[in-house]
Number of protein chains: 4
Amino acid sequence: MLNRIVLIGRLTKDPELRYTPNGVAVATFTLAVDRPFTNQSGEREADFINIVTWRGLAENCANYLKKGRLAAADGRLQIRNYENNEGKRVYVSEVVADNVRFLESGNSGQSGNNGNNGGQGGQRRGQQGDQQSNQRFNDDPFAKDGQPIDISDDDLPF
Amino acid sequence: MLNRIVLIGRLTKDPELRYTPNGVAVATFTLAVDRPFTNQSGEREADFINIVTWRGLAENCANYLKKGRLAAADGRLQIRNYENNEGKRVYVSEVVADNVRFLESGNSGQSGNNGNNGGQGGQRRGQQGDQQSNQRFNDDPFAKDGQPIDISDDDLPF
Amino acid sequence: MLNRIVLIGRLTKDPELRYTPNGVAVATFTLAVDRPFTNQSGEREADFINIVTWRGLAENCANYLKKGRLAAADGRLQIRNYENNEGKRVYVSEVVADNVRFLESGNSGQSGNNGNNGGQGGQRRGQQGDQQSNQRFNDDPFAKDGQPIDISDDDLPF
Amino acid sequence: MLNRIVLIGRLTKDPELRYTPNGVAVATFTLAVDRPFTNQSGEREADFINIVTWRGLAENCANYLKKGRLAAADGRLQIRNYENNEGKRVYVSEVVADNVRFLESGNSGQSGNNGNNGGQGGQRRGQQGDQQSNQRFNDDPFAKDGQPIDISDDDLPF
DNA sequence: TTTT
DNA sequence: TTTT
């Protein structure tokens, strides 16, 4: 009934931008979030948390975030599950963010930028077939190897 | 660097209470948290989110929470991973809650109770060997089948 | 750049429903949120936190919430300030909630209700001049005595 | 019963560090948090939110935060009230933070620093009477002019 | 493997 | 001005 999460961490890689068959942008990336304590050998571990963003925010993330950058994500925790190729149920957890803040300006130029994303403008890309349009969904947006698509635009929560 | 989550949902089962080899109480349960939208067939789905609590809060959860009850959890999202018996890496996500609120009083009696847990009192159970002491940790506190213990008291974050 | 708050508490009074000159619904109420500790005389104090909701959510709150009911609010903390009649600047803090959960079903009937609000449907009331339409904004939506209106519909954040 | 807030913003001034009569450190500062929308004249306004931190975290904030720096605060919203010198009740809202993250390293040196505070170490300053010890509490930790102290160490929540 |  |  209520599900709200806020994270601050660093991207483990550049974001990946894909499009649904209907041309809706989706970006995925992973934040490394340091734990607030050290383990028994004195090292600080991190949680690696998958983030998904949609539409205009997805495109902003793809444009402005890079591996190593510090970012904040605000959204909801989602637990999906699917059957893998060995017929076993696999659970995937990810944060569906409706708000991402870019906490580092990217030391090359970009002055005047406040480190903010440009809100939640919901632009929808056309079917122009550019170089990114071959990136389509599979069962797990964080998986590399393509499973048949089972996420359609009808699933979109907003 | 910052990791904060708040959930409200219903328990899918009664909590499970276990103890580390050193006698520290741990309770685990799962909250069904309704999604804020319906899917393409008009049904409201839920996310099933694992919760872990420690010490006095664990014992309060075990005492006052039951299957179906409404509860709020406030904590941090943790992603653990371990190698399963087939040598494959499995990812487990869970919310380590430092605050749980009991939002239903349990319609039988219990008047005067405010629906609150009793804070974070950190009582530590002795090694009396009572009927619960055979519940020990394995790799995944949410798994039923016993793997060798790899969580010791040294891991405790607080 | 990021501002997210989640509260659970009890309403100190029934909500108040008003409308902007353009017919947009606004509900205000106060949540008493118990502090997580007791003071030096052993009493648990509470924070009394003003909540504002808009549009369809406002009307749902007015319909389903009552004095004493338990509710959760999720939103953003806003600090407004205005000059009072003595020319002094007054600061008003309130939570602008985009999500409110009704955690008690209202013991009279209402079965089938899940305790949820009906989402964020943004219905806008017409200017029919019914018995509530004389409730208009002043400087402080939580104040009783009418100051000249300075919140117009242009201020609406969504 | 539950009260959790996360903010990211910039300090409007350097933090102020004071001590209670018993030598417990308290730091106060204000975060300017941009609103997620622009007003009717196209300007982005901000909320100016008071933050209070205690003990070791207070001393870290005083040492590492400066006017203009970006920071995240995680805590609880508190609404205090007191009677001012004209016998009028004044309401003060502030976030009591148990976690503050320094999101900018302070471009001078300090390499190797992760931008994190050093946790919640609760050091307590002795009564050495150094140059800061004349900074004592009054009714409102954010007020400049001294009212008689009414916050004693007994009020400390942790 | 899931709750109302 | 405050709720159970």
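These numbers come from the heavy atoms of this one structure, side chains and all, not from hydrogens, waters or symmetry mates. Lettering of chains follows the sequences in order, A, B, ..., and the numbering in each one begins at 1.
Of the candidate nucleotides E:dT4, F:dT4, F:dT2, F:dT2 has the atom lying nearest to any side-chain atom of C:T12.
An OP1 or OP2 oxygen of E:dT3 is reached within less than 4.0 angstrom by no side-chain nitrogen or oxygen of B:R69.
Computed from coordinates, the B:R10 CZ to E:dT1 C1' distance equals 20 Å when rounded to whole Å. At whole-Å resolution of the value, CZ in B:F48 and P in E:dT1 are 11 Å apart. Across the protein-nucleic acid pair, B:R44 atom CZ and E:dT3 atom P stand 17 Å apart, rounded to whole Å. If you take CG of C:L31 and P of F:dT3, they are 13 Å apart, rounded to a whole angstrom. If you measure from atom CZ of D:R89 to atom P of F:dT2, you get 9 Å, rounded to the nearest angstrom. Spacing between atom NZ of D:K88 and atom C1' of F:dT1 amounts to 14 Å, rounded to whole angstrom units. Distance CG (C:L70) to C1' (F:dT2): 16 Å, rounded to an integer number of Å. Counting to the nearest Å, the P atom of E:dT2 and the CD atom of A:Q78 are 17 Å from each other.
Inspection of the B:E45 and B:N39 side chains reveals an N or O donor paired with an N or O acceptor under 3.5 Å.
The closest side-chain heavy-atom distance from C:V26 to C:T20 is below 4.5 Å.
Among the protein residues, B:G68 comes within range of the sugar-phosphate backbone only, with heavy atoms under 4.0 Å from sugar or phosphate atoms but none that close to a base.
Screening C:N50, C:T30, C:I49 for a side-chain contact (heavy atoms from CB on, under 4.5 Å) with C:E94, the sole residue that qualifies is C:N50.
For B:D14, the side chain to side chain donor-acceptor pair (under 3.5 Å) criterion is met by no residue, not counting sequence neighbours.
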